[in-house]
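Only one structure is covered here, and it is reproduced in the block below.
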Amino acid sequence: MRVYHIILASNSPRRRELLSGLDLEYEVKVLPDIEEGYPEGLSMEDIPRYIAAEKAAAYKDIIADNDLIITADTVVVLGDEVLGKPTDLDDARRMLRELSGKTHQVITGVYLMTKEKERGFSVVTDVTFKELSDEEIDYYVEKYRPLDKAGAYGIQEWIGYIGVTGLNGSYFNVMGLPVQRIYNELLLF
């Protein structure tokens with residue numbers, strides 16, 4: 001693997017924590033006001049990959065020859081509904097009630113880009129929640145304020161400890177960055 005100056009283009013403290021776990025040197029650089037929308041008709045797996053690619057494209061003209069940008073976006077999918085970040089605490093409660101007692105998918109799209117190479121991929125993890133009581137949902141929403149999390153929850157927080165009964169795939173993907181896959185992809189750069 002060539003030695004790059006790695007730039008994580010994310011404000012997420014969870015993504016910083018996870019990337020740090022790979023013992024890589026990197027810096028965080030975030031451009032303001034990057035649109036996180038997507039066109040109609042994309043498959044569920046393509047949505048976060050598309051958004052990650054759009055985030056990376058914003059850096060294309062400003063990166064140096066030795067820079068490698070890492071962008072990511074995570075969505076929670078229940079059936080045919082994409083659950084992004086909740087708009088307010090009531091929306092967070094609604095999302096958690098919908099996830100209660102069901103299995104959903106967490107999909108993280110990642111984009112790696114240098115001046116010469118680009119590669120995007122998505123990682124899917126199935127997560128099953130027990131039936132959550134209104135009291136459990138209220139406690140979590142009030143104490144943890146999950147407005148910055150897709151699907152209104154962080155698996156690494158209290159709700160994950162008491163609510164997640166099954167996981168098929170990468171735990172770290174559910175936290176927001178599939179570091180195992182990123183490590184393997186970086187070996188190809």
Side-chain angles (χ1 to χ4, degrees), residues 1 6-24 26 28 30 34 36-38 42-56 68-86 92 95-96 98-113 118-130 132 140 144 146-189:
M1 174 175 89
I6 297 173
I7 299 170
L8 176 63
S10 174
N11 276 323
S12 167
R14 290 163 301 283
R15 289 193 178 122
R16 287 194 299 269
E17 173 190 345
L18 291 168
L19 191 59
S20 293
L22 293 179
D23 290 341
L24 299 171
Y26 69 93
V28 174
V30 181
I34 296 176
E36 293 193 19
Y38 55 90
L42 289 179
S43 73
M44 298 299 180
E45 280 190 43
D46 286 339
I47 291 170
R49 184 173 45 228
Y50 176 88
I51 295 170
E54 289 293 300
K55 289 177 182 179
L68 186 148
I69 296 284
I70 300 174
T71 59
D73 191 74
T74 301
V75 297
V76 170
V77 177
L78 181 62
D80 60 0
E81 182 182 5
V82 174
L83 302 177
K85 295 174 184 172
M95 288 183 186
L96 290 170
E98 286 183 22
L99 296 173
S100 176
K102 298 181 184 117
T103 298
H104 62 276
Q105 287 70 47
V106 177
I107 306 170
T108 300
V110 176
Y111 212 78
L112 307 174
M113 182 183 71
E118 298 180 28
R119 175 118 171 92
F121 57 88
S122 294
V123 175
V124 181
T125 303
D126 293 330
V127 180
T128 303
F129 268 107
K130 73 171 193 152
L132 299 167
Y140 177 69
Y144 290 88
L147 298 181
D148 66 336
K149 296 171 180 72
Y153 79 92
I155 194 169
Q156 73 281 6
E157 296 175 337
W158 182 82
I159 199 81
Y161 292 3
I162 65 102
V164 174
T165 60
L167 185 75
N168 184 11
S170 168
Y171 173 83
F172 301 112
N173 183 55
V174 181
M175 282 182 67
L177 200 63
V179 286
Q180 308 94 332
R181 178 75 184 268
I182 288 173
Y183 175 80
N184 288 328
E185 294 290 339
L186 288 173
L187 293 176
L188 303 175
F189 267 76

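Residue numbers count from 1 along this sequence.
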> With a 4.5 Å limit on heavy-atom distance, are the side chains of I70 and I6 in contact?
Replying inline: yes

>> What verdict does the side-chain hydrogen bond (donor to acceptor under 3.5 Å, both in side chains) test give for T74 and R15, after you've listed the backbone C-alpha separation in whole Å, the side-chain angles of each residue and the deciding distance to 0.1 Å?
In response: CA-CA 11 Å; T74 301; R15 289 193 178 122; 3.0 Å; yes

> Is the shortest heavy-atom distance from the side chain of I155 to the side chain of V164 under 4.5 Å?
Replying inline: yes

>> Contact between V123 and I107 at the side-chain level, heavy atoms closer than 4.5 Å - yes or no?
In response: no

>> How close do G154 and I159 get, counting heavy atoms only, and between which atoms?
In response: O-CG2, 3.8 Å

> Checking side-chain hydrogen bond (donor to acceptor under 3.5 Å, both in side chains) for the pair T125/Q105: CA distance, chi angles, key distance, verdict?
Replying inline: CA-CA 6 Å; T125 303; Q105 287 70 47; over 6 Å; no

> Looking only at heavy atoms, what is the nearest atom pair of H104 and V77, with distance?
Replying inline: CB-O, 3.2 Å

>> Determine whether a donor-acceptor pair (N or O, by modelled atom type, separation under 3.5 Å) exists between the side chain of R16 and the backbone of N11.
In response: yes

>> Looking at every heavy atom in both P146 and A92, which two are closest together, and how far apart are they?
In response: CG-CB, 4.2 Å

> What do the steps show when you test T108 against N173 for side-chain hydrogen bond (donor to acceptor under 3.5 Å, both in side chains), and what is the final call?
Replying inline: CA-CA 6 Å; T108 300; N173 183 55; 2.9 Å; yes

> Of the non-hydrogen atoms in V28 and S10, which two are nearest, and what is the gap between them?
Replying inline: CG1-O, 3.3 Å

>> salt bridge (Lys or Arg N to Asp or Glu O under 4.0 Å) for D148 and K85? Distances and angles first, verdict last.
In response: CA-CA 6 Å; D148 66 336; K85 295 174 184 172; over 6 Å; no

> Going through the checks in order, is the salt bridge (Lys or Arg N to Asp or Glu O under 4.0 Å) test met by E185 and R181?
Replying inline: CA-CA 6 Å; E185 294 290 339; R181 178 75 184 268; 2.8 Å; yes

> W158 vs Y144 aromatic rings, parallel, tilted or perpendicular, using cut-offs 30° and 60°?
Replying inline: parallel

>> So Y38 and P48, do their side chains get closer than 4.5 Å, heavy atoms only?
In response: no

>> Using side-chain contact (heavy atoms from CB on, under 4.5 Å), reason through Y140 and L96 one step at a time and then give a plain yes or no.
In response: CA-CA 10 Å; Y140 177 69; L96 290 170; 3.7 Å; yes

> Which pair of heavy atoms, one from V75 and one from A150, lies closest together, and at what distance?
Replying inline: CA-CB, 4.1 Å

> Is the side chain of T103 donor-acceptor paired with the backbone N or O of T128 at a distance under 3.5 Å, no angle test?
Replying inline: no

> Going through the distances and angles, do Y153 and L83 end up as a side-chain contact (heavy atoms from CB on, under 4.5 Å)?
Replying inline: CA-CA 11 Å; Y153 79 92; L83 302 177; over 6 Å; no

> What do you reckon, is CZ of F172 surrounded by more than 12 foreign heavy atoms closer than 6.0 Å?
Replying inline: no

>> Tell me the closest heavy-atom pair linking S20 and Y26, and the distance in Å.
In response: OG-OH, 2.8 Å

>> Treating S122 as the side-chain partner and E45 as the backbone partner, does any N or O pair qualify as donor plus acceptor under 3.5 Å?
In response: yes

